[in-house]
Amino acid sequence: MPELPEVETVVRGLRSARLVGRRICGALVRWPRIVATPRAAAFRRAIAGRRIERISRRGKYVVMGLSGGLTLLVHLRMTGRLALTRGRHAADAHERLALNLDDGRALRYHDTRKFGRWSLLRDPAGRLDRLGPEPLAAGFTAAVFAARLGAHDRALKPLLLDQSFLAGLGNIYVDEALWAAQLHPARRSGSLTERERRRLHRAIRQVLAGGIRRGGTTLGKGDANFYSVAGRAGRNQEGLLVFRRTGRPCPRCGARIERLVIAQRSSHICPRCQKPHNDP
DNA sequence: AAGAATGTTACATG
DNA sequence: ACATGTAACATTCT
């Protein structure tokens, strides 16, 4: 679920809920494996008493800078969610972790599938440096992207999903970007023309910016979906043009959208707009 | 009831 | 070193 636009929406939600400046009184770990580093007991001890000094995003990580030089990294994986609640109230079925705050609120972590991971680190650079560039950063120019694309010979779909190549894309936004750029997901990255590289660069940035503008993508309803910190669904599902739209008409040419499996992930394409070979 | 689902990673094989 | 495939994590929904 949460890709770059959803994580960005969460970070903005935490900031506008005035989480910065709050002190963490204690942590309740209900599913210890969610805490990747250090072990749950040490995590509880180390995080108690820290003030939250800043909140940002890197790739799909929520990054919280804490007092005393510690950084909390939260990765939501497939079904992780963060919410702020006031006062004590019963944890619902899939609450895995909670941080009690000095103003009486609690930051609650909910994760149906338990794939999410929290890490409390003295030096997060070791982890974050493994990520590729931020696609929306000013320094991520078409030239930078073109050079990176040319350095590999891989199918576009798994390459764009690779967080060490580019940080933040997931299955939804890759399919949308490839459709917008009119490129087949199995095209080899090294085979793209200069025009195609520029088209893909622009498509990625547009698709991600659109996702953020619409507050993220919420597919269907229910527990395991994306919701903002305030508990609201995103609106980007209304802006999806190919993802999970198998059999419906391509908005560009009207051909029926197809679903294929590439690198173990479903891909949605327009068979007419996204040919597997080079432009003639 | 089998299969798929928005993500990552360790491990094996080419 | 690089590319690719598989399994695993755990649960819900179709």
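Convention: sequence-line order gives letters A, B, ...; per-chain numbering from 1.
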Under 4.0 Å between any heavy atoms, over every strand shown, what does A:D153 touch: base, sugar-phosphate, or nothing? Just pick one. sugar-phosphate

So, is A:T217 near the phosphate of B:dT6, with a side-chain N or O under 4.0 Å from OP1 or OP2? no

What is the minimum heavy-atom distance between A:T112 and A:R96, and which atoms define it? O-NH2, 3.2 Å

Taking the six-membered ring for Trp, are A:H201 and A:F140 closer than 6.0 Å centroid to centroid? yes

Base-pairing string, 5' to 3', of DNA chain C - Watson-Crick or wobble, under 3.5 Å, | interstrand: .||||||||.||||

For B:dA5, take OP1 and OP2 only and decide whether either is under 4.0 Å from a side-chain N or O of A:R259. yes

Of all of residues 154-171 of chain A, which get a heavy atom below 4.0 angstrom from DNA chain C, listed by number? A:R154

Side-chain N or O of A:K60 less than 4.0 angstrom from OP1 or OP2 on B:dT8? yes

Could you list, one pair per line, each protein nitrogen or oxygen that sits under 3.5 Å from a nitrogen or oxygen of nucleotides 6-12 of chain C, together with the distance?
from   : atom 1 : to     : atom 2 : distance (Å)
C:dT6  : OP2    : A:Q264 : NE2    : 3.0
C:dA10 : OP1    : A:R33  : NH1    : 3.2
C:dA10 : O4'    : A:R113 : O      : 3.0
C:dA10 : O3'    : A:K114 : NZ     : 3.3
C:dA10 : N1     : A:R113 : NE     : 3.2
C:dA10 : N1     : A:R113 : NH2    : 2.5
C:dA10 : N3     : A:R113 : NE     : 3.1
C:dT11 : OP1    : A:K114 : NZ     : 2.1
C:dT12 : OP1    : A:H94  : NE2    : 3.0

A:R244 near the nucleic acid: base, sugar-phosphate alone, or nothing, with a heavy-atom cut-off under 4.0 Å? sugar-phosphate

Checking side-chain polar atoms at under 3.5 Å, does A:E6 have a donor or acceptor matched by the opposite partner on A:Y173? yes

For B:dT8, take OP1 and OP2 only and decide whether either is under 4.0 Å from a side-chain N or O of A:H75. yes

